[in-house]
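Structure first, commentary second.
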Amino acid sequence: MERILVIGASGQIGSELVPELRKIYGDENVYSTDLKEPAEEEKQLGPWAILDVLDTKRLVHFVIRHKITQIYHLAAVLSGNAEKIPLQAWHINMESLMNILDLAKEIPEITRVFWPSSIAVFGPTTPPDNSPQLTVTEPNTVYGISKIAGERWVEYYNQKYNLDIRSIRYPGLISYKTEPGGGTTDYAVEIFYEAIKNNKYECFLNENTYLPMMFMSDAVKATIDLMTADKEKLSVQSSYNVGGISFSPKEIYEEIKKHIPNFKISYNPDFRQAIADSWPASLDDSVAKKDWDLKYEIDIQKLTDIMLKGVKEKFA
Ligand code: NAD
Ligand code: SER
């Protein structure tokens, strides 16, 4: 029987991943942990705890006490926020990962770990269109540097200690359940809230900035598909490209306008423009498709429908 620990579970991904894991492994076997307390209604749905991934002693104690067999480590400082606190972000992103890797090495009951990487591992010297799985990775953001260093450590621990740590380079993730945590792709969520609240949006990226994006249900499915795939089929021991769909602020604006004809957009790029400019417009994820059958269901039209409906319901 698997017993799953999700760290950073109250964030944008965790809040949607935990319910899906509970469907598979049983409510009582999935521990939702974070620095923040979950909402009252979430507390009824399964075990939860306040847990700081940097508190090594308590982490080890928690894993042993609850007989944890798999860890999903989602705590991190995202790209936009990381640029404001570079050394702190480096410390949080790297120390937390090293804590988890060492735990997996020292506690044999832990059989599998998930840790997300990002499109941020790429940089201005990466071929920007359909960026290959294996290519130049020279990120120039602190977040990207922490993710590429993390990928190298993941591969090192997999090979050196024969562990099973799996990872996806997520694109920008779009959802309405929990607001995003300070990334560069957050505009593609904010735009829906502002369209419904104010009928206008000032975008912090310029109109033709293409980035890879993905709706959360596809991201959660991809995560679970990778984590349940046969190990022998996995040819990548660092992190898999997952491309999703590629669009620009102008394109998502045009889609929203089909539903809200008087919606207006203006562009006022800030420091996140340079981050976005250093990332690819699209990714080649053929290796993930071949190794573990990566698939998507949500295109830009469906994404727009679901987001508008979901955000409207939230406000209602
Ligand atoms: P998020 O910021 O929404 O959530 C992170 C959660 O971690 C927060 O709830 C926060 O309270 C918690 N946390 C922070 N420090 C902690 C600590 N010391 N101990 C325990 N919990 C702590 O982030 P997210 O969007 O859910 O992203 C999760 C992971 O996926 C991160 O590694 C991120 O880099 C990666 N990722 C996210 C995206 C995206 O678009 N959301 C894209 C690529 C990669
Ligand atoms: N969505 C994330 C960010 O913008 C990508 O890793 O930081």
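Sequence positions, counted from 1, serve as the residue numbers for this chain. Just so you know, ligand 1 is whichever comes first in the structure, and atom 1 is the first atom listed for that ligand. Just so you know, these numbers come straight off a predicted model, no measurement behind them.
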Within the supplied structure, the quantity of interest is the number of heavy atoms (other residues, nucleotides, ligands) at a distance under 6.0 Å from [X] [atom1]; does it exceed 12?
| X | atom1 | answer |
| --- | --- | --- |
| H61 | NE2 | no |
| K309 | NZ | no |
| K290 | NZ | no |

field: Any N/O pair D186/ligand 2 closer than 3.5 Å
entry: no
message: Can you give me the closest heavy-atom contact between A120 and P139, atom names plus distance?
response: O-CB, 3.3 Å
task: Over 60° means perpendicular and under 30° means parallel, so classify the ring planes of Y143 and W279, tilted if in between.
output: tilted
- request: Look at the rings of H66 and F62 and say which category their plane angle falls in: under 30° parallel, 30 to 60° tilted, over 60° perpendicular.
  value: tilted
field: Side chain, backbone, both or neither: the part of Y170 lying under 4.0 Å from ligand 2 by heavy atom
entry: neither
field: Within reach of ligand 2, part of S79 (heavy-atom separation under 4.0 Å)
entry: both
field: Protein residue, atom and distance nearest to atom 5 (C) of ligand 2, heavy-atom basis
entry: S118 OG, 3.5 Å
Pair up each side-chain donor or acceptor in residues 105-116 with any protein partner under 3.5 Å, not counting sequence neighbours, and list the distances.
residue: T111; atom: OG1; partner: T69; partner atom: O; Å: 3.3
residue: R112; atom: NE; partner: D164; partner atom: OD2; Å: 3.0
residue: R112; atom: NH1; partner: M227; partner atom: O; Å: 2.6

query: For the side chain to side chain donor-acceptor pair (under 3.5 Å) test, which of D225, D218, T223 pairs with K221?
result: D225
- line: If we number the atoms of ligand 2 from 1 as shown, the ones under 4.0 Å from a heavy atom of T185 are 1 (N), 2 (C), 4 (O)
query: Which ligand 2 atoms does T184 reach within 4.0 Å, using its non-hydrogen atoms?
result: 3 (C), 4 (O), 7 (O)
task: Say whether T209 and N206, considering side chains only, have a donor N or O and an acceptor N or O under 3.5 Å apart.
output: yes
Contact table, ligand 1 N/O with protein N/O, distance under 3.5 Å:
residue: ligand 1; atom: 3 (O); partner: Q12; partner atom: N; Å: 2.8
residue: ligand 1; atom: 9 (O); partner: G11; partner atom: N; Å: 3.3
residue: ligand 1; atom: 9 (O); partner: D34; partner atom: OD1; Å: 3.4
residue: ligand 1; atom: 9 (O); partner: D34; partner atom: OD2; Å: 2.7
residue: ligand 1; atom: 11 (O); partner: D34; partner atom: OD1; Å: 2.6
residue: ligand 1; atom: 18 (N); partner: D52; partner atom: OD1; Å: 2.8
residue: ligand 1; atom: 19 (N); partner: V53; partner atom: N; Å: 3.0
residue: ligand 1; atom: 26 (O); partner: Q12; partner atom: N; Å: 3.2
residue: ligand 1; atom: 26 (O); partner: I13; partner atom: N; Å: 2.9
residue: ligand 1; atom: 32 (O); partner: K147; partner atom: NZ; Å: 2.9
residue: ligand 1; atom: 34 (O); partner: Y143; partner atom: OH; Å: 2.6
residue: ligand 1; atom: 34 (O); partner: K147; partner atom: NZ; Å: 3.0
residue: ligand 1; atom: 40 (O); partner: L173; partner atom: N; Å: 2.9
residue: ligand 1; atom: 41 (N); partner: Q12; partner atom: OE1; Å: 2.9

task: Compute the minimum heavy-atom distance from W279 to ligand 2 and say whether it is under 4.0 Å.
output: yes
